[in-house]
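To keep things clear, I will list the structure first and then write my remarks on it.
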There are 2 protein chains.
Amino acid sequence: MELSTIPQLFPAFEKELQREIQEQGEIRFYKSEEQLMRTGQYFRSTMLILNGLVKIYREDEDGNEFFMYYLQPGQACALSMVCAAEHKRSAIMAKAVKDTEIIAIPLNFMEEWMGKYKSWNHFVISTYRSRFEELLSTIDHIAFRGMDERLEFYLKKHQETMRTNLIAINHQEIANELNSSREVISRLLKKMEQFGKVKLHRNAIEIIQL
Amino acid sequence: MELSTIPQLFPAFEKELQREIQEQGEIRFYKSEEQLMRTGQYFRSTMLILNGLVKIYREDEDGNEFFMYYLQPGQACALSMVCAAEHKRSAIMAKAVKDTEIIAIPLNFMEEWMGKYKSWNHFVISTYRSRFEELLSTIDHIAFRGMDERLEFYLKKHQETMRTNLIAINHQEIANELNSSREVISRLLKKMEQFGKVKLHRNAIEIIQL
DNA sequence: TCTGAAAGGTGACGAAGGTCACAATAAGGT
DNA sequence: ACCTTATTGTGACCTTCGTCACCTTTCAGA
């Protein structure tokens, strides 16, 4: 299947680069819920998402986690680029939320291709750019918005990304991802239900109107 | 003075690139407190700091501002790169905190040099990288830490960046930069004074022990 | 020296959100 | 059908922080 997906997901890459990726990259599979990388880990490669879906979290020393953004097929983990290049520990945690297939590009090729392939260079830079903007928008939310707005935004993102109005998740997990507590999330969800924005089910939230 | 500072501040750049920067770049001066760019503005160029000091803020629609990080001589504004490249409006505000001299590189050269000069390419990427990390650390603070810790961190950054133990600033301004309120900052500072961490003066804070 | 503006201090109060304890429901396995 | 466990609901309470009102101190300029 890799033979078909790489040109499809990365059509801007030169044929030769697509071939190299297939030759040098190592395909890996992760089951849903499996961690692709842990906070504190070193990188030896950068990762391109082939299919599935990945969520990126920030963690602090006390184990609090905090959802930042999604990575979709055709995207790369900007942090793995940062860390691989600087030989630094990972500052983030990545988790598969569907069964996910990635291709890992060893650091040395990543560097080599930067000079060799214009399209790779462009890809790396535009990856930084888009993640940069995600981070800014994340900062906006936690700096300027209340938990109610953040919850709505979270649900909206989930809805758009997963393309479904029925979100299969429990309140505790949402609380973790927003670095809040279950009771608070439960209360806010209840309020949203009263406003007709969602309908609550066990282990699921149905989006009505956001 | 530009003739000497560019090779000095950007020693990794090829001689030819240094010459091009001097030829194509436009030197601009900003007085302390002057804004280098405003939220909502379009970019036609990216900026390299030659001397002085610049602070980068995030602003929301209601005019709340929020300090993110410093830019020092030899550094570039990553956001101006993002925005210039994508023809997007600025999502940030930049303000000189000392009299500051910058050199503005028009967008088309920025792109051209990416292919032409390895060192420029590397510079752009490492600018993204370091700003990326700044943003992550900013997120940490607002997501996981209370105002007390954030205030200490703010003062520490100021102290390190300005290389002085006497910070000339009033409480209201700190409150603005942390998106808090004067009273809260005053109270926290008082508490820090009781713990012997700082000594408070009018329009100034003396760092004792952080 | 006087005075007004700026800066800082303080108490009261409220809202948001975190924590605790425990009740109510629902689902799945036996 | 019954029991166990996971999930959700709820009230009480606390802390942090923002806001308001008003006071005190400091300082620069008339």
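Note on naming: letters A, B, ... go to the chains in the order of the sequence lines (proteins, then strands), and numbering restarts at 1 for each one.
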Item checked: For atom CG of B:N170 and atom C1' of D:dC27, their distance in whole Å -> 14 Å
Check: Between A:E65 and A:N176, is any side-chain donor less than 3.5 angstrom from a side-chain acceptor?
Finding: no
Check: Does D:dG9 have OP1 or OP2 sitting under 4.0 Å from an N or O in the side chain of A:H171?
Finding: yes
Next item on the list: Indicate yes or no for a side-chain donor-acceptor contact from B:S32 to the backbone of B:V97 under 3.5 Å, with no hydrogens or angles considered.
Entry: yes
Next item on the list: Starting at atom CG of B:N203, determine the distance to atom C1' of D:dA28, rounded to an integer number of angstrom.
Entry: 12 Å
Note to self: Please check if the number of heavy atoms outside A:H141 that lie under 6.0 Å from its NE2 is greater than 12.
What the structure shows: yes
Next item on the list: Identify which one of B:W120, B:F13, B:F123 satisfies the ring pair (Phe, Tyr, Trp, His ring centres under 6.0 Å) criterion when paired with B:W113.
Entry: B:W120
Item checked: Interatomic distance where CD belongs to B:Q172 and P belongs to C:dA6 [whole Å] -> 12 Å
Margin query: If the threshold is 4.0 Å, N to carboxylate O, is there a salt bridge linking B:R145 and A:E61?
Written below: yes
Notebook entry, point to check: Can you find a heavy atom in the side chain of A:N165 that is under 4.5 Å from one in the side chain of A:I208?
Noted result: no
Next item on the list: Scan nucleotides 14-20 of chain C nucleotide by nucleotide, 5' to 3', and note B when protein non-hydrogen atoms come under 4.0 Å of the base, S if they reach only the sugar-phosphate, - if neither.
Entry: ---SBBB
Next item on the list: Measure the angle between the two terminal helix axes of the helix from C:dT1-D:dA30 to C:dT30-D:dA1, five base pairs each, and quote it to 10°.
Entry: 20°
Item checked: Rounded distance [0.5 Å steps], NZ in B:K95 versus CD in B:E33 -> 5.0 Å
Notebook entry, point to check: Distance from B:E173 atom CD to B:I185 atom CD1, nearest 0.5 Å?
Noted result: 12.0 Å
Next item on the list: Look at the aromatic rings of B:Y128 and A:Y128 and report parallel, tilted or perpendicular, splitting at 30° and 60°.
Entry: parallel
Next item on the list: Starting from C1' on D:dT19, measure out to CD1 on B:I185 and report it in whole angstrom.
Entry: 14 Å
Notebook entry, point to check: Where along residues 189-202 of chain B does a heavy atom fall under 4.0 Å from DNA chain C?
Noted result: B:K190, B:H201, B:R202
Item checked: Qualifying residue for side chain to side chain contact (heavy atoms under 4.5 Å, CB included) with B:Y57, from B:M68, B:E177, B:Q35 -> B:E177
Item checked: Atom pair distance, as rounded to whole Å: CD1 in B:I174 and P in D:dC17 -> 15 Å
Note to self: In whole Å, I'd like the distance from the CZ atom of B:F66 to the P atom of D:dG18.
What the structure shows: 12 Å
Notebook entry, point to check: Salt bridge between B:K55 and B:E134, side-chain N to carboxylate O under 4.0 Å?
Noted result: no
